[in-house]
Participant: 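Before anything else, here's the structure in question.
We use all heavy atoms of the structure for the numbers below, so side chains are in, but hydrogens, waters and symmetry mates are not. Keep in mind it's a predicted model, so treat the numbers as computed, not measured.
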Amino acid sequence: MSNLKLNTLDIKNYRSLENVHVEKLGRLNLITGRNNVGKSSLLEAVRLWASRTDANALLDIIEARDESLLPDNEIKPERDERQGDNSLLGCLCLFAGYPTIDLVRDRIEIVGNGATLSISIIEKEMEQENLPGLQQQLDSLFTRTKVLELSFDSPQKSVYLSLPAYYSRYRRQRFREPRFREKQVNIPCVSLGSSTLDSIESFSTASLWDNIALTDKEEFVLRGLKLIEPRIDRINFIQGGRLGRFPVIRVSGIDRPIPLHGLGDGVTRIFEIMLALVNAENGFLLIDEFENGLHYSVQAMAWETVLELATILNIQVFATSHSNDCVEAFEVVSENAADEMVLIRLTRGDEGVRAETLSSSKLSRRLELGREVR
């Protein structure tokens, strides 16, 4: 990503976000709102937009919500008598209203800075081929079938995924890279889930560490850890245990390594945030429920550190929260950050979900009046 960041965002027909316009975005964006209003969906929309037509990003989102486990009752050839296989029909959950495959009328549109990612279901003549791990004879080389189309208009590109993908989730994981191995021109985007080790699994965490090992970015991660435990001097990954490679730290006054996770959720959470942050250079960092595991007393310092490093590394951050402590800490830091920090409040009314944006001055005034911003 260049020096420009996302300034506006429009989302249509994506999950609960049927027609949402975010009129202003900053470097740090905190999304608040009641449960099930669409906070996590907004993060997913940013991730899809940044990923352009990368099918793996869409598959990750579907699988993270267990939507790939849905049975493929709507499309199943008579000759396929196997039970228990899954399909890409979980993608129907992406469309507002949970439509069936025959009732998908409107496409999903995610528009940022005038560039549009669209997701739609269309009929297309596709060349048949044997899917990985599947021994099946096909009657013809071409068939007209419904497919999922991912299209991005700048630069213009479309990719297609066959909906009746008759192979199991295990096989898709195993063969996903060969199916979608084409190099994508997308924006770096790192997504962090709401609980520790939720979306960054142990092997991925180790890989993210390898990306920054022996660079100045190690010091950025260490600075974050010191917010929770000032005595931490060093960090590294070692082999062993059920996790394979796992993080260990050296603490002043103790002459042996200590597992990082043994210091509790606070240290683990700030480690995840800092490690994800330094791997998102020139791109996006998405954090679901920023405050999880962090005591209210360190949240302002955490926001300050994230803002500083995001500025240095040219990163735009989107985070969610339903904690008043987290919102107040965000507001305190935003007082000295001009319009770099924006709060986005999602509300649901008769006309659907709407987004209200509050920059630092408006947010400060709102909190002084005691009005609800979560």
Participant: Check S120 against F95 and note the closest heavy-atom contact, atom names and distance.
Facilitator: CA-CZ, 4.1 Å
Participant: Is there a donor in the side chain of N13 and an acceptor in the side chain of D106, or the other way round, less than 3.5 Å apart?
Facilitator: no
Participant: Within the 4.5 Å heavy-atom criterion, are N29 and Q316 side-chain neighbours or not?
Facilitator: yes
Participant: Can you name the one residue among S40, S194, S191 that meets side chain to side chain donor-acceptor pair (under 3.5 Å) with D288?
Facilitator: S40
Participant: Return yes if a side-chain donor-acceptor contact under 3.5 Å exists between S151 and Q156, otherwise no.
Facilitator: yes
Participant: Kindly compute the distance separating CE (M274) from CG (L192), expressed to the nearest 0.5 Å.
Facilitator: 10.5 Å
Participant: Are any of the side-chain nitrogens in K217 or E281 under 4.0 Å away from the carboxylate oxygens of its partner?
Facilitator: yes
Participant: Got a second to check how far T32's OG1 is from H322's NE2, nearest 0.5 Å?
Facilitator: 11.0 Å
Participant: What distance do I61 atom CD1 and L43 atom CG have between them, rounded to the nearest 0.5 Å?
Facilitator: 10.0 Å
Participant: Is it true that K146 and E123 make a salt bridge, defined as a side-chain N closer than 4.0 Å to a carboxylate O?
Facilitator: no
Participant: Would you say I312 and I212 are hydrophobically clustered, going by side-chain heavy atoms of ILVMFWY under 4.5 Å?
Facilitator: yes
Participant: Identify the residue among L208, I270, I235 that makes a side-chain contact (heavy atoms from CB on, under 4.5 Å) with L275.
Facilitator: L208
Participant: Are M341 and Y296 connected into the same hydrophobic cluster when the rule is that any two of I, L, V, M, F, W, Y join if their side-chain heavy atoms are below 4.5 Å apart?
Facilitator: no
Participant: Heavy atoms only: give me the nearest L313-V278 pair and the separation to one decimal.
Facilitator: CD1-CA, 3.9 Å
Participant: Between the side chains of E351 and R354, is the shortest nitrogen-to-carboxylate-oxygen separation below 4.0 Å, so that they form an ion pair?
Facilitator: yes
Participant: Flag yes if I258 and I232 sit in one hydrophobic cluster, no otherwise; membership is Ile, Leu, Val, Met, Phe, Trp, Tyr, and two members link when side-chain heavy atoms are under 4.5 Å apart.
Facilitator: yes
Participant: For the residue pair L307 and R27, what are the closest heavy atoms and their distance?
Facilitator: CD1-CD, 4.4 Å
Participant: As an exercise, state the distance from OG of S16 to CG of N36, rounded to the nearest 0.5 Å.
Facilitator: 6.5 Å
Participant: Side chains of T320 and E289: is there a donor and an acceptor less than 3.5 Å apart?
Facilitator: no
Participant: Return yes when atom CZ of R223 has more than 12 non-hydrogen atoms of other residues, nucleotides or ligands closer than 6.0 Å, and no otherwise.
Facilitator: yes
Participant: Do L225 and I254 share a hydrophobic cluster, counting only Ile, Leu, Val, Met, Phe, Trp and Tyr and linking them when any side-chain heavy atoms are less than 4.5 Å apart?
Facilitator: yes
Participant: For the CG atom of D216 and the CD atom of E218, what is their distance to the nearest 0.5 Å?
Facilitator: 9.0 Å
Participant: Can a side-chain donor-acceptor contact be found between E291 and S321 if the only test is distance below 3.5 angstrom?
Facilitator: yes
Participant: Quick one: closest heavy-atom pair of L58 and L48, and the distance?
Facilitator: CA-CD2, 4.0 Å
Participant: Show your reasoning for whether salt bridge (Lys or Arg N to Asp or Glu O under 4.0 Å) applies to R47 and D54.
Facilitator: CA-CA 10 Å; R47 180 178 179 184; D54 185 352; over 6 Å; no
Participant: Can you list the steps and then say if E109 with T116 is a side-chain hydrogen bond (donor to acceptor under 3.5 Å, both in side chains)?
Facilitator: CA-CA 6 Å; E109 290 187 347; T116 302; 5.8 Å; no
Participant: To the nearest 0.5 Å, what is the distance between CG (L285) and CZ (F318)?
Facilitator: 10.5 Å
Participant: If the threshold is 4.0 Å, N to carboxylate O, is there a salt bridge linking E44 and R65?
Facilitator: yes
Participant: Taking the side chain as everything from C-beta on, heavy atoms only, tell me whether I249 gets closer than 4.5 Å to E229.
Facilitator: no
Participant: For the residue pair W49 and F152, does the interplanar ring angle fall in the parallel (under 30°), tilted (30 to 60°) or perpendicular (over 60°) class?
Facilitator: perpendicular
Participant: May I ask whether F284 and V111 are part of the same hydrophobic cluster, defined by side-chain heavy atoms of I, L, V, M, F, W, Y residues being less than 4.5 angstrom apart, directly or through others?
Facilitator: no
Participant: I would like to know whether R15 and E67 meet salt bridge (Lys or Arg N to Asp or Glu O under 4.0 Å); could you show each step before the answer?
Facilitator: CA-CA 13 Å; R15 300 193 187 273; E67 291 162 350; 2.8 Å; yes
Participant: On the 0 to 90° scale, with breaks at 30° and 60°, tag the F330-W303 ring pair as parallel, tilted or perpendicular.
Facilitator: perpendicular
